[in-house]
2 protein chains.
Amino acid sequence: MSDLLGRLRGRGWRMTSQRRVVAEVLDGDHVHLTADEVHLRAAARLPEISRATVYNTLGELVALGEVLEVSTVGRAKRYDPNARNPHQHLVCSGCGTVRDVHPVGNAIGDLPEEERFGFAVGSVEMTYRGLCPACA
Amino acid sequence: MSDLLGRLRGRGWRMTSQRRVVAEVLDGDHVHLTADEVHLRAAARLPEISRATVYNTLGELVALGEVLEVSTVGRAKRYDPNARNPHQHLVCSGCGTVRDVHPVGNAIGDLPEEERFGFAVGSVEMTYRGLCPACA
DNA sequence: TTCTTGACTTGGACGAAGTCCATCGTAGGA
DNA sequence: TCCTACGATGGACTTCGTCCAAGTCAAGAA
Ligand SMILES: [Mn+2]
Ligand SMILES: [Mn+2]
Ligand SMILES: [Zn+2]
Ligand SMILES: [Zn+2]
């Protein structure tokens with residue numbers, strides 16, 4: 001993720017302190033923050049950053065494919081910087097913790113031809129659910 | 001789904017015209033309506049039904065396991081009356097159409113032990129994405 | 001059949017998440 | 001150093017959903 005700033009510069013992005021701070025907050029493994037959490041952590045380093053800028057930057061990163069949006073049931077979207085590594089998610093039904101996982105097998109191949117309804121199927125998202133050790 | 005009213009009565013539900021109409025709207029295959037769509041269709045039969053009652057009834061049906069909530073990316077939740085038949089979803093990236101599908105294979109078994117992080121994994125949700133014939 | 005009562009419905013206020021926009025500020029090239 | 005187009009800002013606005021006090025009525029009792 002530290003190379004992200006270089007890639008953005010290469011795409012002609014004007015490098016601002018706000019964008020740098022948002023990119024720094026999105027660094028690490030198993031990171032799946034909501035926009036408000038990103039704003040909170042960014043504001044710890046750059047107190048005057050606005051919510052609108054966080055939303056703008058996250059939206060731009062998603063459009064560039066540098067960050068993935070993870071939808072949750074009825075809660076705020078989560079932003080996942082681990083976009084270069086295809087993966088799925090394991091979510092704790094108790095506390096909501098999210099882990100990146102890599103199932104084996106070919107999930108797309110498991111969809112029978114007669115259930116494709118003529119669609120050109122391109123991808124599949126999988127969410128495993130269960131209780132984490134702390135919640136069990 | 002027509003048996004739903006009987007099951008609800010068996011659970012001690014007071015049978016009101018509002019609940020009957022919501023149950024009727026949720027009848028059929030490949031039905032994945034938003035709460036507002038349910039309200040719109042219910043109001044066609046019972047014009048004075050309120051949004052609050054639609055939300056209340058949907059929430060109760062979900063709590064009883066008679067209806068499933070399907071989360072979408074950033075849009076309103078969808079309500080799925082096909083809860084007695086375990087299935088996954090195929091979604092058109094163009095128009096948003098949702099079809100019920102039944103992949104073969106054992107998706108839970110495809111999650112390696114070393115990636116379970118000690119979780120008791122109980123279920124997996126899969127969303128296939130692609131373009132439907134009309135959008136392609 | 002009528003009465004009674006607590007479960008159900010209603011509309012509107014409220015809240016959380018996210019978008020939009022006019023205005024101001026500044027990164028980075030000339 | 002100066003210019004200016006791109007980006008940041010904050011507040012209004014929208015969408016989706018929840019909550020509540022007050023009124024209504026389904027269904028059991030008599
Ligand atoms: Mn992830
Ligand atoms: Mn379904
Ligand atoms: Zn947990
Ligand atoms: Zn389509």
Side-chain angles (χ1 to χ4, degrees), chain A residues 4-6 8-25 32-64 66-80 96, chain B residues 4-25 32-43 45-64 66-80 96:
Chain A
L4 171 63
L5 294 179
L8 294 178
R9 232 182 303 260
R11 302 224 198 203
W13 267 34
R14 185 175 289 186
M15 196 44 53
T16 66
S17 55
Q18 291 87 347
R19 286 173 166 179
R20 201 174 348 256
V21 153
V22 169
E24 284 169 12
V25 165
H32 305 90
L33 299 169
T34 65
D36 269 344
E37 287 167 350
V38 171
H39 181 231
L40 201 70
R41 297 184 187 204
R45 299 171 180 228
L46 189 67
E48 63 278 20
I49 192 172
S50 72
R51 266 178 13 106
T53 294
V54 170
Y55 275 106
N56 287 342
T57 306
L58 290 173
E60 290 155 357
L61 290 170
V62 168
L64 290 179
E66 296 284 354
V67 165
L68 300 175
E69 278 183 359
V70 180
S71 64
T72 60
V73 223
R75 319 244 83 250
K77 282 183 231 176
R78 296 190 168 269
Y79 292 88
D80 183 344
Chain B
L4 172 62
L5 294 179
R7 288 201 299 280
L8 295 177
R9 232 182 302 259
R11 301 223 199 204
W13 268 34
R14 185 173 291 186
M15 196 44 54
T16 67
S17 54
Q18 292 87 346
R19 286 172 167 178
R20 201 174 348 256
V21 154
V22 169
E24 284 168 12
V25 165
H32 305 90
L33 299 169
T34 65
D36 269 345
E37 288 166 349
V38 171
H39 181 232
L40 200 70
R41 297 184 187 204
R45 299 170 180 228
L46 189 68
E48 63 277 20
I49 191 172
S50 72
R51 265 178 12 105
T53 294
V54 169
Y55 275 106
N56 287 342
T57 305
L58 290 172
E60 289 156 358
L61 290 170
V62 169
L64 290 179
E66 296 285 353
V67 165
L68 299 175
E69 278 183 359
V70 180
S71 66
T72 60
V73 225
R75 317 247 83 252
K77 281 183 234 177
R78 297 190 167 269
Y79 291 89
D80 184 343

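Order of the sequence lines sets the chain letters (A, B, ...), proteins ahead of strands, with each chain counted from 1.
Across all their heavy atoms, B:A23 and B:L4 have their closest contact at CB-CD2, 3.8 Å.
Among the heavy atoms of the strands lying under 4.0 Å from A:A76 are primed sugar atoms or P, OP1, OP2 only; no base atom is included. Residue contacts for B:T16: at a heavy-atom cut-off of 4.0 Å it reaches the sugar-phosphate backbone alone, with no base atom in range.
Atom CZ of A:R9 is separated from atom P of C:dG29 by 11 Å (rounded to the nearest Å). Whole-Å rounding puts the B:L8 CG to D:dA26 P distance at 16 Å. The NZ-P distance, from B:K77 to D:dT15, rounds to 18 Å in whole Å. The CD atom of B:E69 sits 9 Å away from the P atom of D:dG17 (whole-angstrom rounding). Counting to the nearest Å, the P atom of C:dA16 and the NE2 atom of A:H39 are 16 Å from each other. Rounded to an integer number of Å, the gap from CD1 of B:I49 to P of C:dC8 is 14 Å. Rounding to whole angstrom units, CG of residue B:L46 and P of D:dC25 are separated by 11 Å. One interatomic measurement links the two molecules: CG of A:N56 to P of C:dC21, which rounds to 12 Å at whole-angstrom precision.
For A:Q18 and D:dT9, the shortest distance from a side-chain N or O to OP1 or OP2 is below 4.0 Å. Using a 4.0 Å cut-off, no side-chain N or O of A:S50 falls inside it from OP1 or OP2 of D:dA8. Look at A:Y55 and you'll find a side-chain N or O under 4.0 angstrom from OP1 or OP2 of C:dG18.
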Applying side chain to side chain contact (heavy atoms under 4.5 Å, CB included) to B:L33 and B:Y79, what does each step give before you reach the verdict?
CA-CA 5 Å; B:L33 299 169; B:Y79 291 89; 5.7 Å; no
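Between A:E24 and A:R45, at least one side-chain nitrogen of the basic residue sits less than 4.0 Å from a carboxylate oxygen of the acidic one, meeting the salt-bridge criterion. Here B:E69 does not pair with B:R78 in a salt bridge; the nearest charged N to carboxylate O distance is not below 4.0 Å.
In this structure, B:R14 and B:A35 both approach DNA chain D, and ranking their closest nucleotides by distance from the 5' end singles out B:A35.
Here the side chain of A:T53 is nearest to one of D:dA8, C:dT10, C:dA17, namely D:dA8. Nearest nucleotide to the side chain of A:R19, out of C:dC20, C:dT10, D:dA8: D:dA8.
One donor-acceptor pair, N or O on each side, does fall under 3.5 Å between the base of C:dG18 and the side chain of A:R51.
Residue A:R41 places its CZ atom among 12 or fewer non-hydrogen atoms of other residues, nucleotides or ligands, all under 6.0 Å distant.
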